[in-house]
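As structure tokens, the structure follows; a few thoughts come after it.
Computed from heavy atoms alone, side chains included, the values below leave out hydrogens, waters and symmetry copies. As the structure is a prediction and not an experimental result, all values here were calculated from the model.
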Amino acid sequence: MRRRRDALLAGSVEPFDAEARRQRADAAAAMAFAKAVYDARKAAGWSEAELAERAGLVEDDIVCAEESGTVPTPELLERLARALDSDVTLTWSATGVTARFERRAA
């Protein structure tokens, strides 16, 4: 215990930081979401502009999402799921975050 305290005081061990952990989780979700949006859009054969129009968004929203610049919100997930006629899942687990849009059966 004393070594850890001394290391903390010396600045060689990063203390627990809940905010940093939340930011890492948000970044992981954004990256998983980006891949899922891109893959679903490509599978549908749509451009970014077409997906944006169908989802009631602007093209920049889709570009930002596909570049990991968007942390998925429930509203955004719902809009994209409806536009893609898909179910969407985001899963956080001990091994990371996964996201998937799965087309509904016709």
Side-chain angles (χ1 to χ4, degrees):
M1 182 71 162
R2 183 177 171 104
R3 281 188 212 162
R4 174 147 171 79
R5 184 186 56 120
D6 291 345
L8 281 170
L9 292 173
S12 62
V13 175
E14 185 177 324
F16 174 77
D17 185 347
E19 178 62 19
R21 193 163 83 188
R22 185 195 61 76
Q23 289 175 354
R24 285 191 299 273
D26 284 353
M31 287 188 296
F33 178 61
K35 181 172 179 3
V37 171
Y38 175 83
D39 290 348
R41 179 179 63 78
K42 284 299 200 176
W46 298 340
S47 67
E48 291 161 338
E50 188 170 7
L51 176 54
E53 183 178 327
R54 289 172 182 257
L57 302 167
V58 295
E59 186 175 354
D60 283 347
D61 293 333
I62 302 302
V63 170
C64 188
E66 289 185 358
E67 292 178 349
S68 301
T70 302
V71 176
T73 63
E75 178 186 2
L76 182 56
L77 291 170
E78 181 180 1
R79 283 176 175 237
L80 292 171
R82 286 179 192 265
L84 292 160
D85 192 28
S86 299
D87 294 323
V88 61
T89 57
L90 263 82
T91 306
W92 281 263
S93 69
T95 59
V97 181
T98 58
R100 184 180 72 227
F101 287 89
E102 189 171 318
R103 300 263 323 175
R104 294 185 188 109

dist Glu59:CD -> Cys64:SG (nearest 0.5 Å) comes out at 12.5 Å
Could you tell me the separation between the OG1 atom of Thr73 and the CZ atom of Arg79, rounded to the nearest 0.5 Å?
9.0 Å
Please tell me if the side chains of Asp61 and Thr70 come closer than 4.5 Å, counting only heavy atoms from C-beta onward.
no
So which atom in Ala28 and which in Val97 form the shortest heavy-atom distance, rounded to 0.1 Å?
CB-CG2, 3.8 Å
Quick one: are Glu102 and Ser86 in side-chain contact, heavy atoms under 4.5 Å?
no
Which heavy atom in Arg104 sits nearest to a heavy atom in Ala81, and how many Å separate them?
NH1-O, 4.3 Å
Flag if over 12 foreign heavy atoms under 6.0 Å of CD, Glu50:
yes
Taking all heavy atoms of Trp92 and all of Ala29, pick out the closest pair and write down the distance.
CZ2-CB, 3.7 Å
Transitive ILVMFWY side-chain link Trp46 to Leu77, under 4.5 Å
yes
CZ of Phe33 to CZ of Phe101: how many Å apart, nearest 0.5 Å?
5.0 Å
Give me the one residue out of Leu84, Val88, Leu76, Leu80 that meets side chain to side chain contact (heavy atoms under 4.5 Å, CB included) with Val37.
Leu80
Taken to the nearest 0.5 Å, the spacing of Ser68 OG from Lys35 NZ works out to 11.0 Å
Return yes when atom CZ of Arg82 has more than 12 non-hydrogen atoms of other residues, nucleotides or ligands closer than 6.0 Å, and no otherwise.
no
Inter-residue atom distance Ile62.CD1 - Arg54.CZ, 0.5 Å rounding:
12.0 Å
Which atom names give the shortest non-hydrogen contact between Arg100 and Ala36, and what distance separates them?
N-CB, 4.0 Å
Can Arg22 and Asp26 be counted as an ion pair, charged N to O under 4.0 angstrom?
yes
Give the minimum heavy-atom separation between Ala34 and Glu67, together with the two atoms involved.
CB-N, 4.5 Å
Report the distance from atom CD of Glu48 to atom CD of Glu53, rounding to the nearest 0.5 Å.
14.0 Å
